[in-house]
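Below: the structure, in structure tokens.
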There are 2 protein chains.
Amino acid sequence: MPTIVEVANRAGVSAITVSRVVNDSGPVSSQVRARVEQAIAEIGYVPNAVARSLRSKRTDTIALVVTDMTNPFFTTIAHGVEAAVSDSGMMLIICSTDERDAEEERYVRMLLQRRVDGILLVPAGGGAAAIKRCREQGTPLVVVDRRLRGRGADVVRADSKAGAFELGRLLVSLGHRTMAVLTGPIAVPTADDRAAGFRQAVAAAARLRPPRVYRGAFTIESGRDMAKRALSATPRPTALFAANNFIAIGVLHALDEMKVRVPEDVAVVGFDDLPPAMVTFPFLTVAAQPAYEMGQRSVALLLARLSGGRGPGQPYQEVVLPTQLVVRRSSGDPLGAPEPSI
Amino acid sequence: MPTIVEVANRAGVSAITVSRVVNDSGPVSSQVRARVEQAIAEIGYVPNAVARSLRSKRTDTIALVVTDMTNPFFTTIAHGVEAAVSDSGMMLIICSTDERDAEEERYVRMLLQRRVDGILLVPAGGGAAAIKRCREQGTPLVVVDRRLRGRGADVVRADSKAGAFELGRLLVSLGHRTMAVLTGPIAVPTADDRAAGFRQAVAAAARLRPPRVYRGAFTIESGRDMAKRALSATPRPTALFAANNFIAIGVLHALDEMKVRVPEDVAVVGFDDLPPAMVTFPFLTVAAQPAYEMGQRSVALLLARLSGGRGPGQPYQEVVLPTQLVVRRSSGDPLGAPEPSI
DNA sequence: TTGTACGCGTTATCAC
DNA sequence: GTGATAACGCGTACAA
């Protein structure tokens with residue numbers, strides 16, 4: 001593999017001159033430039049970015065660490081990230097932790113060894129270890145999709161609480177009085193916020209019993225399981241709130257198996273929309289998060305840190321994006337309304 | 001940022017000894033090891049993988065270049081790739097070319113500069129330029145999901161022709177006699193193979209007119225457009241074959257808009273399944289590709305090249321995986337069958 | 001078991 | 001406008 005020195009020899013110049021031509025840094029006479037360019041073409045020189053990084057201390061690479069690459073919500077974020085990263089001439093490393101803290105730690109360690117310029121992280125749990133590591137090394141970190149207890153990093157997330165509140169208010173306005181919340185693990189802020197927002201909406205209505213809250217994982221299996229438990233409770237809920245898209249899918253599967261009709265027998269609302277590209281016939285009423293935009297904004301925040309515009313001394317920012325209420329069939333008509341005449 | 005030398009000084013040893021401790025290469029007395037490990041912990045040393053790569057000429061990084069990150073088929077491949085890559089302690093760079101040759105070239109150039117250990121490529125077009133570049137540099141390349149004209153690289157793909165043939169045979173057996181194929185661009189082997197396979201199935205039946213073939217892009221918009229054109233043809237087809245998942249979704253949207261019922265008025269079959277995770281109620285009859293497995297097999301092929309087991313001199317391999325026919329509602333019942341009594 | 005010398009490919013600094 | 005020198009952080013080859 002030819003090096004810059006070999007190009008230099010062939011062109012009869014020094015290595016640094018070749019470097020100047022390649023990077024367009026510093027003055028080079030047009031004659032020399034031509035000779036160098038020809039030499040490059042002749043021997044097929046490809047600059048070595050590894051060596052360059054060793055000197056420059058920049059890799060022009062950032063990493064995105066998500067909890068679940070199969071979830072379209074995260075792949076949509078990834079898409080937004082990729083677009084933004086590519087625009088600024090960098091490359092993107094993607095890691096999937098499978099919601100496991102240990103994997104998250106392993107990945108962050110590897111990424112820091114590789115000296116990536118920055119990390120976008122969807123923490124599996126609290127993310128404390130990762131945040132600490134990054135800070136020690138001075139590598140910018142943006143936490144995506146999860147609220148942070150302390151202020152330890154920039155954050156980009158959607159307003160889970162407000163979105164859940166809207167869904168709750170919708171169901172209340174449709175006349176539901178017994179509802180259940182199916183959400184994710186304890187201590188995951190996203191899971192808590194959504195439960196809290198929904199409960200608040202119910203509490204705001206007079207004389208409604210607070211919804212029962214089921215805790216599981218953000219998975220289809222867990223959604224299915226929680227739905228079955230919720231429906232066997234007394235009194236049986238007339239509406240279910242699934243705190244993310246996978247839980248919602250699990251719920252729909254469970255109801256289908258139980259021959260419970262949606263929305264006729266039970267209304268269902270969820271968090272996270274499915275990308276329109278993937279859904280043939282949208283059905284589910286949801287609070288949609290702006291996933292693509294979240295990806296882009298995360299990169300923007302990271303790049304701002306990198307360009308030093310906001311040095312490491314600057315206070316951390318939290319960008320909270322609004323969700324959008326999308327009402328579809330699964331939430332049903334007002335309870336007690338007359339049956340439509342056929 | 002502390003270096004290996006600083007660790008060495010603090011521990012009162014030489015740099016190479018620290019290296020031996022960190023990489024567990026070469027003998028180190030347990031006393032010295034303890035001293036070194038303590039020094040590492042105290043000053044928070046994080047090995048520099050960039051410098052290591054410069055020496056070792058390996059980056060332990062591979063890249064996946066796809067045409068469309070929003071397509072669940074490719075994200076499923078990516079998921080399989082990620083799992084396999086992670087298992088072998090490497091990291092994964094992901095690039096999305098948006099089906100543009102120029103982007104593909106740009107990405108490949110950047111990746112080769114970064115000295116990635118290998119590249120998995122879903123070519124936007126023929127992929128000739130990328131293949132040539134990689135070969136010149138001696139970087140292993142595996143082409144994914146596309147057949148190659150010449151033998152210039154390892155290939156992992158599904159059997160598009162056989163899958164399309166099965167779909168065609170199904171429709172023929174259901175009694176359809178006028179059908180249309182909605183496929184991707186000319187010169188993309190995948191698009192051609194699927195059209196050819198389907199046509200062959202029709203030709204195998206006696207006295208059927210060959211299906212009309214529409215050419216567009218592998219996008220929802222294109223699918224919608226082609227569906228409208230196909231349905232306004234005379235004689236009007238009773239069945240449509242969409243050559244990938246996005247085209248199929250576009251078709252379903254178009255038919256919905258035109259108030260054409262599926263499968264009552266027109267039967268629809270497609271290529272590529274949607275991951276079960278994303279679909280609430282599966283509806284479409286498809287030839288499903290083993291996307292996840294394709295991702296894994298691609299990595300396996302790449303790693304085989306890397307480990308030298310199959311040196312660069314070895315002949316290129318082509319792995320062709322079978323598709324699976326999944327019959328659902330969209331393909332309908334046999335034509336002319338009595339209406340089901342309610 | 002431990003250490004010395006050198007090179008990996010590039011670029012910043014300073015000199016001409 | 002061009003070049004010599006050194007340094008980035010690490011690991012191989014060899015010596016002690």
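- In terms of phosphate contacts, A/Ser56 brings no side-chain nitrogen or oxygen within less than 4.0 Å of OP1 or OP2 of D/dC8.
- Between the CD atom of B/Gln289 and the CD1 atom of B/Ile77 there is a distance of 7.5 Å, given to the nearest 0.5 Å.
- Spacing between atom CG of B/Leu54 and atom P of D/dA7 amounts to 17 Å, rounded to whole angstrom units.
- When heavy atoms are screened at a 4.0 angstrom cut-off, A/Val50 is found touching no nucleic acid atom at all.
- Between the OH atom of B/Tyr45 and the C1' atom of D/dG9 there is a distance of 8 Å, rounded to whole Å.
- Considering only the side chain of A/Arg55, C/dT11 comes nearest among D/dG11, D/dT2, C/dT11.
- Scanning residues 2-25 of chain A for heavy-atom distances under 4.0 Å to DNA chain C yields A/Thr3, A/Ile4, A/Ile16, A/Ser19, A/Asn23.
- Following rounding to the nearest Å, B/Ile43 (CD1) and D/dG9 (C1') show an atom-to-atom distance of 13 Å.
- Panel note: side chain B/Asn71, backbone B/Phe73; a donor-acceptor pair is recorded below 3.5 Å.
- Between A/Lys57 and C/dT11, a side-chain N or O to OP1/OP2 separation shorter than 4.0 Å is absent.
- Taking atom CE of A/Met1 as the reference point, atom P of C/dG9 lies 8 Å away to the nearest angstrom.
- Without hydrogens or angle criteria, B/Thr76 side chain to B/Ala291 main chain gives no donor-acceptor distance under 3.5 Å.
- A donor-acceptor pair is defined here as one N or O able to donate and one able to accept, closer than 3.5 Å; no such pair exists between the side chain of A/Ser86 and the backbone of A/Glu82.
- Residues B/Val50 and A/Leu54 come closest through the heavy atom pair CG1-N, 3.7 Å.
- Across the protein-nucleic acid pair, A/Arg52 atom CZ and D/dA7 atom C1' stand 17 Å apart, rounded to whole Å.
- A donor-acceptor pair under 3.5 Å links the side-chain atoms of A/Thr97 to the main chain of A/Val66, judged by distance alone.
- Atom CZ of A/Arg114 is separated from atom C1' of D/dG9 by 16 Å (rounded to the nearest Å).
- Between the C1' atom of C/dT1 and the CD atom of B/Gln31 lies a distance of 11 Å, rounded to the nearest Å.
- Protein atom CZ of B/Arg35 is 12 Å distant from nucleotide atom C1' of C/dT1, rounded to whole Å.
- Across the interface with DNA chain C, nearest-nucleotide mapping of B/Arg115 and B/Gly26 shows B/Gly26 to be the residue nearer the 5′ end.
- Across B/Arg305, B/Gln317, B/Arg297, a single residue satisfies side-chain hydrogen bond (donor to acceptor under 3.5 Å, both in side chains) together with B/Asp154, and that is B/Arg305.
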